[in-house]
Amino acid sequence: MLVVEGIEKTFGDNKVLKGIDLTVNQGDVVALIGPSGTGKTTLLRSINFLEQADQGKVTIDGLTVDCQTASEKDIIQLRRKTAMVFQSYNLFRNKTILENVMEGLVTVQNKSKKEAEAIAKAQIEAVGLGDKFDNYPMQLSGGQQQRIGIARAMALEPQVMLLDEPTSSLDPERSAEVLRVLQEVAKTGMTMVIATHEMNFAKYVSNHVVFMENGHIVEQGSPEQIFNHPKEERTQRFLQDLENPFKTESE
Amino acid sequence: MLVVEGIEKTFGDNKVLKGIDLTVNQGDVVALIGPSGTGKTTLLRSINFLEQADQGKVTIDGLTVDCQTASEKDIIQLRRKTAMVFQSYNLFRNKTILENVMEGLVTVQNKSKKEAEAIAKAQIEAVGLGDKFDNYPMQLSGGQQQRIGIARAMALEPQVMLLDEPTSSLDPERSAEVLRVLQEVAKTGMTMVIATHEMNFAKYVSNHVVFMENGHIVEQGSPEQIFNHPKEERTQRFLQDLENPFKTESE
Amino acid sequence: MNFDIQVMIDTIWVVMRAVPRTFGIAAVVLVIGILLGAVFAQLKMKPVPVITPLVRLFVSYMRGVPLIVHLFVMMYSLPQASSSLLAIFGVTVQPHDFPSLIIVITTFSLLEAAIESENIRGAFQSIDPRQIEAGQSIGMTRRQNLRRIIIPQVLSVAIPLFLNAFLKNIKGLSLAFTVGVVDILAQARYAAALSYRYLESYIAAALVYWLICGVLQMIFNRVELKLQFGETRRQGV
Amino acid sequence: SGNGVTEESSAQNEPAAEGETIEVTVAVENASNPLSFTNNDGELDGYEVDVINAINEVIDGYNLTIESVSAEATQVGLDTGKYALIGGGLYKNEEREELYLFPEEHTGVSTIEIYKRADDDSIQTLDDLVGVTVHPVTPNGGIFNLLTSYNEENPDNQIDIQLGEAGNFAQRFQALHDGVSDAVVMPSNLGADDMITDLELNVSTADEPVQVNPTYFVLAQDQEAMKEKLDEAIAQLKEDGTLAELSEKWYGENMFDYELTE
Amino acid sequence: MDFSFIIDILPTLIKTLPLTIYIMVIAAVFGFLLAIVVAAVRIKQIPVISQLFAVYASFMRSTPGIIHIFIVYYGLPVLLSGFGLNINSISRVTFSIVALVLYNGAFVSEILRPSYMAVSREQHEAAISVGMTSWQKHRRIIFPQVLPIALPSLGNALIDLLKDTSLLFLIGLVDIMGQADIIIANTYGVYQLEVYIAIALIYWALSSLLVFGLNFLEKRYSRYYQR
Ligand SMILES: Nc1ncnc2c1ncn2[C@@H]1O[C@H](COP(=O)(O)OP(=O)(O)OP(=O)(O)O)[C@@H](O)[C@H]1O
Ligand SMILES: Nc1ncnc2c1ncn2[C@@H]1O[C@H](COP(=O)(O)OP(=O)(O)OP(=O)(O)O)[C@@H](O)[C@H]1O
Ligand SMILES: [Mg+2]
Ligand SMILES: [Mg+2]
């Protein structure tokens, strides 16, 4: 279970999150959609305290951490229950692909090297990069890095997985593969929050959709509800040409 | 006119481009599609010599540069005829947004500060970030950085524009906007090569589609031809569930 | 122990007299050192046959050998060399008329260049190659790219290193005294010789050195802050 | 002020109890041949070292340990109470007397000589130095003071005092030999004569020394008790000829025979 | 010039190497540890301590080594005796090491600080997002990336330290440079050139050895860097 209560965050004089409340049940997959610069990334980062919000609290699996009183220990506890896939991948530059995925298993979860290696290799193969074990991140294409980011998070088997546009650099085939993998994992009870701008992906991966704009949650509900019968005018407008946003523009 | 002849590139023992030939007429918009790790980025980078290919030559607007004999002067000449939008944005981190866009205008094109500022502001406003002039790149969201990357390249008014997944971090609304902007620009005669995995975007933005796989061009033609009547079996498979790659997976 | 504050204060004034000179020489040395060091660093990062190995040898020699030896070598060879060089043009200069200031500046600048070449090389390793590519992609020449994009980013690492070097120079100049240039420490020693108050004189010198450093630190901090480019670096936890 | 006194040295202020020896540290310079220096066997050696050792034999109630450090360090160490006594061929003047305790008896003699080219007879006294090139002087030495006070006393007759490291002794005399400078003013007890002979230089002293100064070991101001014992010991060594003997050993002459300048 | 003299004195000079190297190694190790603490406190901007360390770093970096040696060797005992502590019996070597550690630590902290700041925020975030503790993050991810930036400058600092051991001659400890001074003094400076050539050779050899080791480390830690 993930509960987010009253999260607010301001950068300078730019209020980016204006009080976000969100409850996600175990095994739920939440898709976070909304225009660019709306605060999706900031919300994900606030959940695992990469960004310390000004107000609000986060509860994961019985552990509640308040932004204003959070101790370092609490924060690390919380982070160990989550894993994150970054919009800009953030792979460890000084580690090979294999080491990138093994890292958390060995240092954080105290798994043996051998065990970690087995898990890591399986995950990397699952995202189709079994031939790149010994490459460094700088030697991968964008989509390859993104997949390693996903593999790294998956390998940790966290309670809550936070994914920031995990398919932004992937072609449709690969995206479909990732979709399948995530669905597989969701069945095991892992909770996921996925920020994405790929509406089809959101529709099929999630069982709950949250539409954010401008630091607020505008509307939320089942994919069916949001994509087929959005209540809010803004949601309707955002999704109007979902099937093909470009069609109207072509000559 | 952009002509690419016999480009080959090997990293270590991984042959990434296996002889690419491509001719693009002035004002054409070419969409470069294909699976992740196929060499799209490497091809774009080879065209403006960010990556020095092992073999082959590039001709832009009468200037032919051979990879093996290229002088630094030739390369700079060639680069001044092109501009690039990077997959990972690559904004100048020591410059504000406004400075990022002005930079090339002032230092490379010797425009006056005033003139450069006017152009830059117009471009930034065109991508909807008129309120971020004085922010540094680190303070922007992913999609915002990507849009500044586009604005920076646009401002230079190059003969050939190379765009590497320019809408990967953009929501459908913003993507549609970018599509519109690019179509506008294409009308002025600017040539564009766009690597993208967003098939709808490719379909509507381009008048020529190139499907690459594994360092080869598998098939090329008009969007109509490639997307509706692909000849090659591989192309067909890649595009089979274009309208919705995820549908088959949903329960 | 008898410590006389008044003597110390008097000495500070005396010692202050050497500040402009010491400071000036150190600044000249730093500037030459950085410029030449940058060239060396470039040559190390982008090797050129023959020249690069020579540069490496030179840097290794300059860094490895003690300053006093360099001064000694320069003191004997520089006047000789330049007077025979000038003789070719028909100018006769007695080697011992050779200004010791030039010996000092030459020696220190060469040493500084060797040191800075390594500092600069390290700072360059902090640059994300994608930043360089961004500059190249908009058609910048190498020089434009260096000046506008790379160097500002390199500086955010290098500025504190330059300050380190500058402070070392200011103190290293006490050895310049070997060839007759009076610096802060030497001035303090003269004062001590007159007053027989060694402790007071050394403390006075320390305070003057510290003052210079304080002023410099303030300036360099300002610059360093400017070079953070809006990054909110909360890297704790 | 006495607040900087270490336990050790404050103990020394009390007269030594019967049968109890007080440990004190004496500092001498570490590279000042022939006063005190490290010899080729790596051992501390020299005139002052021998004198200290001789004193240690006869002094009552004290045991002296020698530490060799740089010239500047001896005085700083004396100031801060690390050393009870220092060497270094120091002579007496008002400023020093204010700061330190001097024993009643001197233990050495330093003659200050003007060195000039052997064939140059024009330079004999300090007055002759006006208008000629005098080799630079060390800043922490007495020569600097000597010349400075000459200039103060003779406002119309200024010696050009060059500031700068004097260079080592060989360099000074070589410069003189080569005509780079016309005169070197230097104490004679630093081995100059040996070197001039060694290098076969065209250098000799002026006919008369400029000054003949007594030199002393110097005590920290709180060492009244030790001063008494030290005075006794020095007097005894003078009496029994030990000092004269050591002078012969290191300087080849008994320098206590010189007549002191006022 | 007298080559045989150079050959003659080489063994005498080399005899001082163990002391020189001993002091240098200890001072380098403790100086480095001190530098890490100082840099860390200043990067984290821990109030009060951070300011204190800034003052420490500026004092140590701006004042000459002779002053540090005097402060530690002559000043510290006076200060501590005020608290009733007598440390005069501690060996000169220890005092020397303390002085050099304080000095070296200040410089190295100002090498580590900017090098550390140069590692991008994303790398920190990646590490903490997998749940690493601060120590794990630093040891496994951040420090290895700081090293290639800092190593060339650390090389400078290490060579400086090697040379700075000569300061110890001020309080009578004989390192290479001290031994050189002794030989020069004992020969009245007649063989200055020869002595300097000899020590130049020794110092150059030692520093080359240091640089060789550091280059090895640098290569190792910048493998990922080669694109
Ligand atoms: N470090 C920062 N300093 C100042 N402003 C920031 C900072 N980080 C984010 N912002 C601002 O906060 C807003 C929300 O950013 P966020 O990255 O959360 O958006 P997003 O919804 O993830 O957008 P995108 O879809 O483009 O990634 C943006 O307007 C951005 O400019
Ligand atoms: N510097 C490098 N060193 C080694 N291999 C590299 C390097 N850069 C790219 N590659 C390899 O070259 C291949 C092509 O990479 P490229 O970035 O061109 O792919 P792409 O088509 O752009 O993929 P994506 O859609 O994922 O961005 C990949 O397999 C990648 O691993
Ligand atoms: Mg985002
Ligand atoms: Mg790519």
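Heavy atoms only: backbone and side chains are in, while hydrogens, waters and symmetry mates are out. Here the structure is a predicted model, which is why all the values come from computation and not from measurement. Lettering of chains follows the sequences in order, A, B, ..., and the numbering in each one begins at 1.
- The part of Ser141(A) that comes within reach of chain B is its side chain, from C-beta onward, which places non-hydrogen atoms under 4.5 angstrom from that chain.
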Just distance, no hydrogens or angles: give the donor-acceptor pairs under 3.5 Å from side chains in residues 34-41 of chain B, sequence neighbours left out.
unit_1, atom_1, unit_2, atom_2, d
Ser36(B), OG, Arg147(A), NH2, 2.6
Thr38(B), OG1, Pro35(B), O, 3.2
Thr38(B), OG1, Asn214(B), N, 3.3
Lys40(B), NZ, Gly34(B), O, 3.0
Lys40(B), NZ, Pro35(B), O, 3.0
Thr41(B), OG1, Gln87(B), OE1, 3.0
Thr41(B), OG1, Asp164(B), OD1, 3.4
Thr41(B), OG1, Asp164(B), OD2, 2.8

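- Considering CD of Gln139(B) and CZ of Phe11(A), their distance stands at 9.0 Å, rounded to 0.5 Å.
- Heavy atoms of Asp131(B) lying under 4.5 Å from chain A are absent altogether.
- Scanning all heavy atoms of the two residues, the minimum distance from Leu170(A) to His197(B) falls at O-CD2, 2.8 Å.
- Here CD of Gln145(B) is found 8.0 Å from OG of Ser88(A). Values are rounded to the nearest 0.5 Å.
- Remark: Glu219(B) engages no residue in a salt bridge (Lys or Arg N to Asp or Glu O under 4.0 Å) (not counting sequence neighbours).
- Scanning all heavy atoms of the two residues, the minimum distance from Glu173(A) to Arg234(B) falls at OE2-NH1, 3.0 Å.
- Heavy atoms of other residues, nucleotides or ligands lying less than 6.0 angstrom from CD of Gln26(B) number 12 at most.
- One distance of note links CG of Asp171(A) with CD of Glu198(B); it measures 12.0 Å at 0.5 Å rounding.
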